[in-house]
Amino acid sequence: MDNCIFCKIIAGEIPSTKVYEDEKTYAFYDLNPQAKQHVLVVGKRHHNNIVEACEDSIDTVSACINTCTIVAKQLGIDKTGFRIVTNCGKDACQSVFHLHFHVIGGEKLSERMA
Ligand code: DGP
């Protein structure tokens, strides 16, 4: 989609540090990490958010979740623990309108989620 930062990252038009890639998903380090490990997992097909993705392509959503666990194993945080977060809309402070999941860990995370 035109003017979508994450579509441009997937297309290689904006540089990123790749962690993992397969047919349906792409994973790369977040520019502003909020923990020792912070990776973003995106679907290669553009959806604005999780609601639109679930309506259009549950395959994309399940592929992303699967990739989150692959990434967690790759980062070595699958046993120590990690969090998967997707922000949807204004109240959740979503800032990039291309479905993405934050994989956050590598340290003890806050008990509060909001
Ligand atoms: P959210 O607030 O949930 O929409 O998260 C968007 C995340 O995307 C935020 O943590 C920062 C990250 N981000 C924004 N632009 C870029 C970029 O150009 N490269 C990378 N690697 N991350 C980006």
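Keep in mind the model is a prediction, meaning the values are calculated, not measured. Atoms within each ligand, like the ligands themselves, are counted from 1 in listed order.
Of the listed residues (F82, F101, Y20, Y29), just one forms a side-chain contact (heavy atoms from CB on, under 4.5 Å) with V39, and that residue is Y29.
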Go ahead and list the nitrogen or oxygen contacts between ligand 1 and the protein that come in under 3.5 Å, distances to 0.1 Å, or just say none.
residue	atom	partner	partner atom	Å
ligand 1	2 (O)	C93	O	3.2
ligand 1	2 (O)	S95	N	3.4
ligand 1	2 (O)	S95	OG	3.0
ligand 1	3 (O)	N87	ND2	2.8
ligand 1	3 (O)	H100	NE2	2.9
ligand 1	3 (O)	H102	NE2	2.8
ligand 1	4 (O)	S95	N	2.7
ligand 1	4 (O)	S95	OG	3.2
ligand 1	4 (O)	V96	N	3.0
ligand 1	4 (O)	H100	NE2	3.1
ligand 1	5 (O)	H100	NE2	3.1
ligand 1	5 (O)	H102	NE2	3.4
ligand 1	10 (O)	D30	OD1	3.1
ligand 1	10 (O)	D30	OD2	2.6
ligand 1	21 (N)	Y29	O	2.9
ligand 1	21 (N)	L31	N	3.4
ligand 1	22 (N)	L31	N	3.2

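With hydrogens and angles ignored, the 3.5 Å screen pairs no side-chain donor or acceptor of S57 with any backbone N or O of A53. Counting only distance, with no hydrogens or angles, the side chain of Q94 and the backbone of N48 share a donor-acceptor pair below 3.5 Å. A donor-acceptor pair under 3.5 Å is formed between the side chain of H98 and the backbone N or O of G43.
A salt bridge links R45 with D56: the closest approach of a Lys/Arg side-chain nitrogen to an acidic carboxylate oxygen falls below 4.0 angstrom.
Within a 6.0 Å sphere centred on CD of E107, heavy atoms belonging to other residues, nucleotides or ligands number more than 12.
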